[in-house]
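Worksheet: one structure, shown below.
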Amino acid sequence: MLDVRLIREQPDAVRRGLATKGGADLIPELLELDADRRRLVRESENLKALRNKASEAIGQAKRRGEDAGAEQARMREVGERIKTLDIELKSVDERLEALALQLPNLPHPSVPEGKSEDDNVEVRRWSEPRTFGFPPKPHEEVGAALGLDVERAARIAKARFAVLWGGMARLERALAQLMLDLHTREHGYTEVWVPHLVNGETMLKTGQLPKFEEHLFKTVEADEGRPLYLIPTAEVALTALHAGEVLPEVSLPRRYTAFTPCYRREAGTYGKDMKGIYRQHQFDKVELVKLATPAQAYAELESMVANAEAVLQRLQIPYRVVERCIGDLGFSAAKGYDIEVWLPGQGRYREISSCSNYDAFGGRRAEIRFRPDGGGRPEYCATLNGSGLAVGRTVMAVIENYQEADGSVTIPQALRPYMDGLMRLTPR
RNA sequence: GGAGAGGUGGCCGAGUCGGCCGAAGGCAGCCGCCUGCUAAGCGGUUACAGGGUUAAAAGCUCUGUCCCGGGUUCGAAUCCCGGCCUCUCCGCCA
């Protein structure tokens, strides 16, 4: 969420910032509502001050045994007027917040121009794709022989689910473990275990609601309690952990990691990436989340990307890093990078991680603040998040990059300790 | 699932028949004083949000906040209703 005060004081700068991302057209109405709100607040509060004084006088009069009926009647009317104003104020506040929630974050000045992911800018590449002595197969073909089973998954659930048998299931688990160990032992993250179902308020505070409801799986409690939502990423749970809190500045940055399944409806992607497990309703991810001061946030973004890259380096799989352009930044991000892994079966780089700095936009929405070291008023934290990595897509990358002519897959060195020294997955 | 108790400031804890309660007292913190050191002692101070004033900040001032949302009342921490959460006992359970 953007600071309404910033919009009020520098509407033109905000309008320029939102030019590509959209939402600038909402500003006039927002400014009008803001002016209405302040007018109503002033009037209501003046009347409340009057009433408070009068009520005190009535109390004193009554204690002296005097009659205060006339004054009480007068205040009854004032009370009615206040009630009317407050109802109006509440309605203005609600409309104002609904509008403010629709405004995306302002891009950082360093973010490249561009409309779609095609305009993203490659920042660096790591390692060279290996040369195969045979035509490399896509992961769904390599995987089918090794225990990747989408047919039965579709039967017991629906399309876009998978069953992993034997070594493939083991590979999934081993990768998650490798990632968690790397981030907790070498990158300073604290491992957190979180609920996979969260309430609507948490979804609102982390920017999933109201805008992205169609992407979420929603549950209904049997006793008609508030609905809970399946998390689309551990980011929502991790970021919301400190919602409403004021953290000491010395405790920043905080670095959290969690291994969870992610559940996404994938509405509007029918027919897209239907083969294999690139796009699933359920997938595992090791997520990275940081809370930082706005001053630390951009350096923390760089190190977060490096932390995610380290996973692919361990696995010896080629990738490139692209900086997302304004049009591909997403709603909440001020700046962000994607890591794209090389998939020889597809002959191209595909997204395996997305790291973003939401800066104070995220902290304001979730109400996460910090108390500056020298004292003073609390300020909003910057929130950052990134995949480190999406486990299912890493499985894809491993089996495509390490496939052999006979249909087997070599287990990367770094992964063997997590698979009892197993060197190879062979067709079943 | 059944029965009961409760949610007050950074923490503990008091709030009488609704007014003088943004809230006693204690602890912790900060500033100063005092004292060979330490401990003790003395004085002051310590929430958040929003509005107004200001170029802005500080300051001043007003409003709201005693879990959340409604209601009663001239006036609610205090009374009433709903929700959320916590605890105790019984039952069930990985």
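No hydrogens, no waters, no symmetry mates; every other heavy atom, side chains included, goes into these values. Please read these numbers as outputs of a predicted model, since none were measured by experiment. Order of the sequence lines fixes the chain letters, A, B, ..., with proteins taken first and strands second; residue numbering starts at 1 for each chain.
A heavy-atom distance below 4.5 Å is not found between the side chains of A/E323 and A/N120.
In this structure, B/G91 forms no base pair with any nucleotide, since neither Watson-Crick nor G-U wobble geometry is met with both distances under 3.5 Å. Under the Watson-Crick or G-U wobble criterion, with both distances below 3.5 Å, B/G69 is paired with B/C81. With both pairing distances under 3.5 Å, B/C48 is matched to B/G64 as a Watson-Crick or G-U wobble pair. Shown here, B/G18 forms no base pair; nothing in the strands shown gives a Watson-Crick or G-U wobble contact with both key distances under 3.5 Å. Figure legend. B/G75 is base-paired to no nucleotide; pairs are counted as Watson-Crick or G-U wobble with both atom distances under 3.5 Å. With a cut-off of 3.5 Å on both Watson-Crick or G-U wobble distances, the partner of B/G59 is given as B/U53. A 3.5 Å limit on both hydrogen-bonding distances identifies B/A5 as the Watson-Crick or G-U partner of B/U86. In this structure, B/G43 forms a base pair with B/C31, meeting either the Watson-Crick or the G-U wobble geometry with both donor-acceptor distances under 3.5 Å.
Listed pair A/R63 / B/C17 fails the phosphate criterion, with no side-chain N or O lying under 4.0 Å from OP1 or OP2. Side-chain N/O atoms of A/N46 include none lying less than 4.0 angstrom from OP1 or OP2 on B/U63. Look at A/R377 and you'll find a side-chain N or O under 4.0 angstrom from OP1 or OP2 of B/A49. Between A/N52 and the phosphate of B/G64, there is a side-chain N or O to OP1/OP2 separation shorter than 4.0 Å. Listed pair A/R5 / B/G51 meets the phosphate criterion, a side-chain N or O lying under 4.0 Å from OP1 or OP2. In this structure, A/K90 does not reach the B/G64 phosphate: none of its side-chain N or O atoms is under 4.0 Å from OP1 or OP2.
Nucleotides B/G15 and B/G26 have their C1' atoms positioned 15 Å apart, rounded to a whole Å. Comparing the P positions of B/A76 and B/C67 gives a spacing of 15 Å, expressed to the nearest Å. Atom name P, nucleotides B/A77 and B/U63: the rounded distance is 14 Å, in whole Å. Comparing the C1' positions of B/A49 and B/C33 gives an interatomic distance of 36 Å, to the nearest angstrom. Separating the C1' atom of B/A5 from that of B/G10 is a span of 26 Å, rounded to the nearest Å.
The separation between A/L85 atom CG and B/C62 atom P is 20 Å, rounded to whole Å. Between the P atom of B/A49 and the CD atom of A/E379 lies a distance of 11 Å, rounded to the nearest Å. Rounded to whole Å, atom C1' of B/A76 lies 11 Å from atom CZ of A/R51. Rounded to whole Å, the distance from CZ on A/R371 to C1' on B/U46 is 10 Å. One atom, CG of A/L50, and another, P of B/G75, lie 12 Å apart when rounded to the nearest Å. A/R42 places its CZ atom 17 Å from the P atom of B/G64, with the value rounded to the nearest Å. Separating the CZ atom of A/R37 from the P atom of B/G52 is a distance of 9 Å, rounded to the nearest angstrom. Counting to the nearest Å, the C1' atom of B/A76 and the CD atom of A/E56 are 15 Å from each other.
Nucleic acid contact for A/R364: none, since no nucleic acid atom lies under 4.0 Å from a heavy atom of the residue. Using a 4.0 Å heavy-atom distance criterion, A/R369 is classed as a sugar-phosphate-only contact. When heavy atoms are screened at a 4.0 angstrom cut-off, A/A49 is found touching the sugar-phosphate backbone but no base atom.
Place A/K53 and A/Q72 on RNA chain B by their nearest nucleotides, and A/K53 ends up nearer the 5' end. Summary of the strand contacts: A/A73 and A/K48 both lie near RNA chain B, and taking for each the nucleotide with the nearest heavy atom, the more 5' one is attributed to A/K48.
When atom types are taken as modelled, the side chain of A/R393 and the backbone of A/Y278 share a donor-acceptor pair closer than 3.5 angstrom. For A/R365 (side chain) and A/T206 (main-chain N/O), no donor-acceptor pair under 3.5 Å exists by modelled atom type.
Residue A/E29 places its CD atom among 12 or fewer non-hydrogen atoms of other residues, nucleotides or ligands, all under 6.0 Å distant. Other residues, nucleotides and ligands place more than 12 heavy atoms under 6.0 Å from the CD atom of A/E302.
Using a 3.5 Å distance cut-off with no hydrogens or angles, the side chains of A/Y256 and A/H242 do pair a donor with an acceptor.
A donor and an acceptor atom never sit less than 3.5 Å apart when one is taken from the side chain of A/E45 and the other from the base of B/G52.
In this structure, A/Y298 has its ring center under 6.0 Å from that of A/H108.
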